[in-house]
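The next block holds one structure in the form of structure tokens; read it before the comments.
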Amino acid sequence: MTPMQQIAILPYRKVIAIAMRGLRFRLVKTFLVTCCIALALAFLTYILCSNGMTAHLADRASDALQQRLAREGMLDQLKSADKQSQTAWMLGIALLISFVGIVNAMLISVTERFREIGTMKCLGGLDSFIVKLYLIESLFQGVVGTVLGMVIGVILAYVEGVGRFGGDTWNLLPPGELAVLLVVTFGTGIVLTVAGALYPAWRAAKMEPVDAMRSEV
Amino acid sequence: MSATDNIVSVRGVKRRYKMGDEEVWALAGVDLDIRRGEYLSIMGPSGSGKSTLFNMIGGLDRPTEGQVLMDGQDVRGMDVRQIAYLRCHKVGFIFQTFNLVEVMTAEQNVMLPMTFAGVTDGEASGRARMLLEKVGLGKRYDHRPAQLSGGQQQRVAIARSLANDPDLILADEPTGNLDLKTGEEIIKMLSKFTKEMGKTVISATHDDKMLAASDRVVYLVDGQITQIKTQAELDIKIGGIADRSTGAAH
């Protein structure tokens, strides 16, 4: 009797190629999920940048700006604890909605693609391949959505900054701090999307190949 | 009989399912030897255990009791990667609903099992085009499933089932979603490949047309084989196509 052979693990390059084909084919869905991520991350970036700007008004703003802000009563308003906790709440909710959106979109995609998943398993696809397929799809949308969101968020924060603080805006947030903020935002975006895809990916992988045989939807 | 004569041996296979509190025996003890190179049809009404037996043979389901031997190897003892190897290299699946991956072209669909098998893209593409040519779709290799008719999709599925040159083709109601004429073409094509390429075809069906192409027909009722007929026995009765009682439709 010949020894039992086992299937090779599909290289990542191939899984990525298959994932990309799917994303391109389901363009509208891909776009919607990416937008959902971009919106939440734009909000996060915007809040972090504008908080970064206002946090150091006392030591970074020019005297003229400080006097103007004090006159308008904006300095106290910006520092108020109420306003800050309100912002934190809104931020949390935005991220949560985005997270739920991703989980929901991915779960729907698992249900819709039961036959495709079952077929792939019948043809020799492993559970780990299905998990990778879903995680890569979501990671791609996460990276694109996050970068898009970061760009939008930074632009919004600076447009608003220039409106409030004029030319001083450019000194309020040094490049080093901005870079740290962007790294944090990027990390948040990626963790959010991958975490959102974990459960749906697991569900997809656990589907039985026999499901491919079901003739009714 | 040695392992090489029988491609699949089913020995005393029972399969129990839990349906709520109730236990249902989908297979109540089935023994069946499938010979290399034969065209075997499994007939039976829905709920007869036909699909369960079919899934057992393809390594899609495991028996509660008994053994399923593929090339003499017990499926039950295999781990996930061995089972995946079996599905990828030893068995070609054809489904009632065609089951082409909608995001892929005909060529990419045929290439998929080869990709899973680790074949290079160039080689897989060459073989996929050759197989599509063979099923008469050489010019439509870049069409997506949505751009193909049902019969054409099933032909792509036949090409895909042959991708890794498996010994065994498992066809689950391959004509179930096709009109009469197209269904006949598909059956002819399947039976031609069995003979030409020495493939074993096992088909679950309740289509009488499948009988004429079969070397043997296994009738399944309530999870048990009630009779097995050879082509010679079927020939005698063809004309009135016999045994509608056991081969009844849904």
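To find a chain, count down the sequence lines: A is the first, B the second, and so on, and within it residues start at 1.
R144(B) is listed as a side-chain neighbour of F25(A), based on a closest heavy-atom distance under 4.5 Å. No side-chain heavy atom of D127(A) sits under 4.5 Å from any side-chain heavy atom of V80(B). Counting heavy atoms from C-beta on, the side chains of R160(B) and T119(A) come closer than 4.5 Å. Between R87(B) and I7(A), the closest side-chain pair of non-hydrogen atoms is not below 4.5 Å.
Within 6.0 Å of atom CD in Q86(A), 12 or fewer heavy atoms from other residues, nucleotides or ligands are found, so the atom counts as exposed in its surroundings. Atom CZ of R129(B) sits in a crowded spot, with more than 12 heavy atoms from other residues, nucleotides or ligands closer than 6.0 Å. Other residues, nucleotides and ligands contribute more than 12 heavy atoms inside 6.0 Å of the OH atom of Y17(B). Surrounding CD of E22(B) are at most 12 heavy atoms belonging to other residues, nucleotides or ligands under 6.0 Å away.
Interatomic distance, CZ of R21(A) versus OG1 of T105(B), reported as 7.0 Å (0.5 Å rounding). Considering NZ of K121(A) and CD1 of I83(B), their distance stands at 12.0 Å, rounded to 0.5 Å.
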#### Entry: CA sep, side-chain torsions, deciding dist, call: E102(B), R26(A), side chain to side chain contact (heavy atoms under 4.5 Å, CB included)
CA-CA 10 Å; E102(B) 58 165 357; R26(A) 305 182 179 94; 3.9 Å; yes
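If you measure heavy-atom distances from Q108(B) to chain A, the contacts under 4.5 Å come from the side chain alone. Neither the backbone nor the side chain of R113(A) comes within contact range of chain B, judged by heavy atoms closer than 4.5 Å. Contacts of D121(B) with chain A are made by both backbone and side-chain atoms, with heavy-atom separations under 4.5 Å. Both the backbone and the side chain of N99(B) come within contact range of chain A, judged by heavy atoms closer than 4.5 Å. Looking at I18(A), the atoms closer than 4.5 Å to chain B (heavy atoms on both sides) all sit in the side chain, from C-beta outward. L60(B) touches chain A through backbone and side chain together, each having a heavy atom under 4.5 Å away.
The closest donor-acceptor contact from the side chain of R81(B) to the backbone of Q6(A) lies at 3.5 Å or more, if one exists at all.
Here the shortest heavy-atom pairing between C88(B) and G124(A) reads CB-CA, 3.8 Å. Between M104(B) and M120(A), the shortest heavy-atom distance links the atoms CE-CE, 4.0 Å.
Listed options P11(A), C122(A), G125(A) were ranked by heavy-atom pairs under 4.5 angstrom with chain B; first place goes to C122(A).
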